[in-house]
Amino acid sequence: MADAPDFSVFKTVFFYSVLILLLPVFAFFVSKLIVFDAFLSGVSGVSDTASNVTSAIIAVVVLHFALGLFIYKAYSDPEKPREKKDDKID
Amino acid sequence: MALPEENPIYGPFFGVMGAASAIIFSALGAAYGTAKSGTGIAAMSVMRPELIMKSIIPVVMAGIIAIYGLVVAVLIAGNVYEPKQYPLYKGFVHLGAGLAVGFSGLAAGFAIGIVGDAGVRGTAQQPRLFVGMILILIFAEVLGLYGLIVAIYLYAK
């Protein structure tokens with residue numbers, strides 16, 4: 001019974017940690033390799049430095065978006081029902 | 001076979017040192033921030049385990065500092081070539097970019113660690129401190145972001 005909330009907290013934290021760690025890396029390489037190098041290089045002649053910088057900025061923006069999601073989730077977490085129980089146990 | 005004066009053999013040394021110092025110092029700051037706020041979380045969770053989710057935030061923010069350094073290190077490392085195509089000027093610029101994000105990340109990681117430790121312990125006793133702790137952490141995090149901005153600006157030169 002006491003394990004279920006702990007596991008759900010672990011699942012939430014794990015999900016957001018993976019999101020924060022992997023999403024920017026994906027965003028960087030996806031935006032660089034696919035969008036800029038494959039599609040735009042032929043069209044508008046984006047230079048290598050410009051595509052690197054833009055991809056890095058996109059990655060950082062995505063990173064902060066994920067961090068904002070996590071803070072919002074942590075902030076709006078209720079966590080009320082367990083407080084009373086812990087006082088009584090020992 | 002002599003290299004021109006602008007492309008000395010030691011030119012890439014500066015660029016490589018820039019890439020290395022970007023990730024080394026950022027990781028130093030992030031590790032300090034994680035360890036310092038980790039001790040706070042461990043001490044706090046003994047009495048208030050339901051607050052773990054909220055108190056993980058300083059650890060996540062310290063991890064983000066290391067991602068800043070990683071981004072700049074990857075950018076620089078992708079642009080270091082052999083001396084013939086790599087003027088000394090490029091090396092200096094890359095060294096400056098790496099040092100900018102590295103030391104900013106070190107400072108921000110120290111700030112996040114100290115604020116996270118005290119903030120997490122305080123939040124256990126007064127939950128309304130949480131908003132203040134988040135704000136202070138964001139301001140500490142932004143210091144690392146400034147370093148990243150300067151580093152990317154230098155890199156794009």
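Every chain is numbered from 1 and lettered A, B, ... according to where its sequence line falls, protein lines coming before strand lines. What you are looking at is a predicted structure, and each value in this text was computed from that prediction instead of being measured.
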Examine whether an atom of [X] lies under 4.5 Å from a heavy atom of chain A, and if so say whether it belongs to the side chain, the backbone or both; otherwise answer neither.
{"X": "B:F130", "answer": "side chain"}
{"X": "B:Y68", "answer": "side chain"}
{"X": "B:V131", "answer": "side chain"}
{"X": "B:I149", "answer": "neither"}

Closest non-hydrogen atom pair, A:A74 against B:M53: CB-O, 4.1 Å
Assigning hydrophobic clusters by single linkage (Ile, Leu, Val, Met, Phe, Trp, Tyr; side-chain heavy-atom cutoff under 4.5 Å), is [X] placed with [Y]?
{"X": "B:Y86", "Y": "B:Y89", "result": "no"}
{"X": "B:L88", "Y": "B:L3", "result": "yes"}
{"X": "A:Y75", "Y": "B:M133", "result": "yes"}
{"X": "B:L143", "Y": "B:V101", "result": "yes"}
{"X": "B:V150", "Y": "B:F92", "result": "no"}

Against chain A, work out which of [options] has the most heavy-atom pairs shorter than 4.5 Å and name it.
{"options": "B:N79, B:I56, B:I57, B:V74", "answer": "B:I57"}
{"options": "B:V60, B:V71, B:I138", "answer": "B:V60"}
{"options": "B:I134, B:L75, B:L145", "answer": "B:L75"}

Tell me the residues of residues 13-28 of chain A whose non-hydrogen atoms fall below 4.5 Å from those of chain B, in number order. A:V13, A:I20, A:L21, A:F28
Does anything in residues 58-67 of chain A get under 4.5 Å of chain B by heavy atoms, and if so which residues? A:V60, A:L63, A:H64, A:L67
For B:E5, is the CD atom crowded, meaning more than 12 foreign heavy atoms sit under 6.0 Å from it? no
To the nearest 0.5 Å, tell me how far B:I76 CD1 sits from A:N52 CG. 11.0 Å
Output for pair (B:I152 CD1, A:T49 OG1), nearest 0.5 Å, gives 12.0 Å
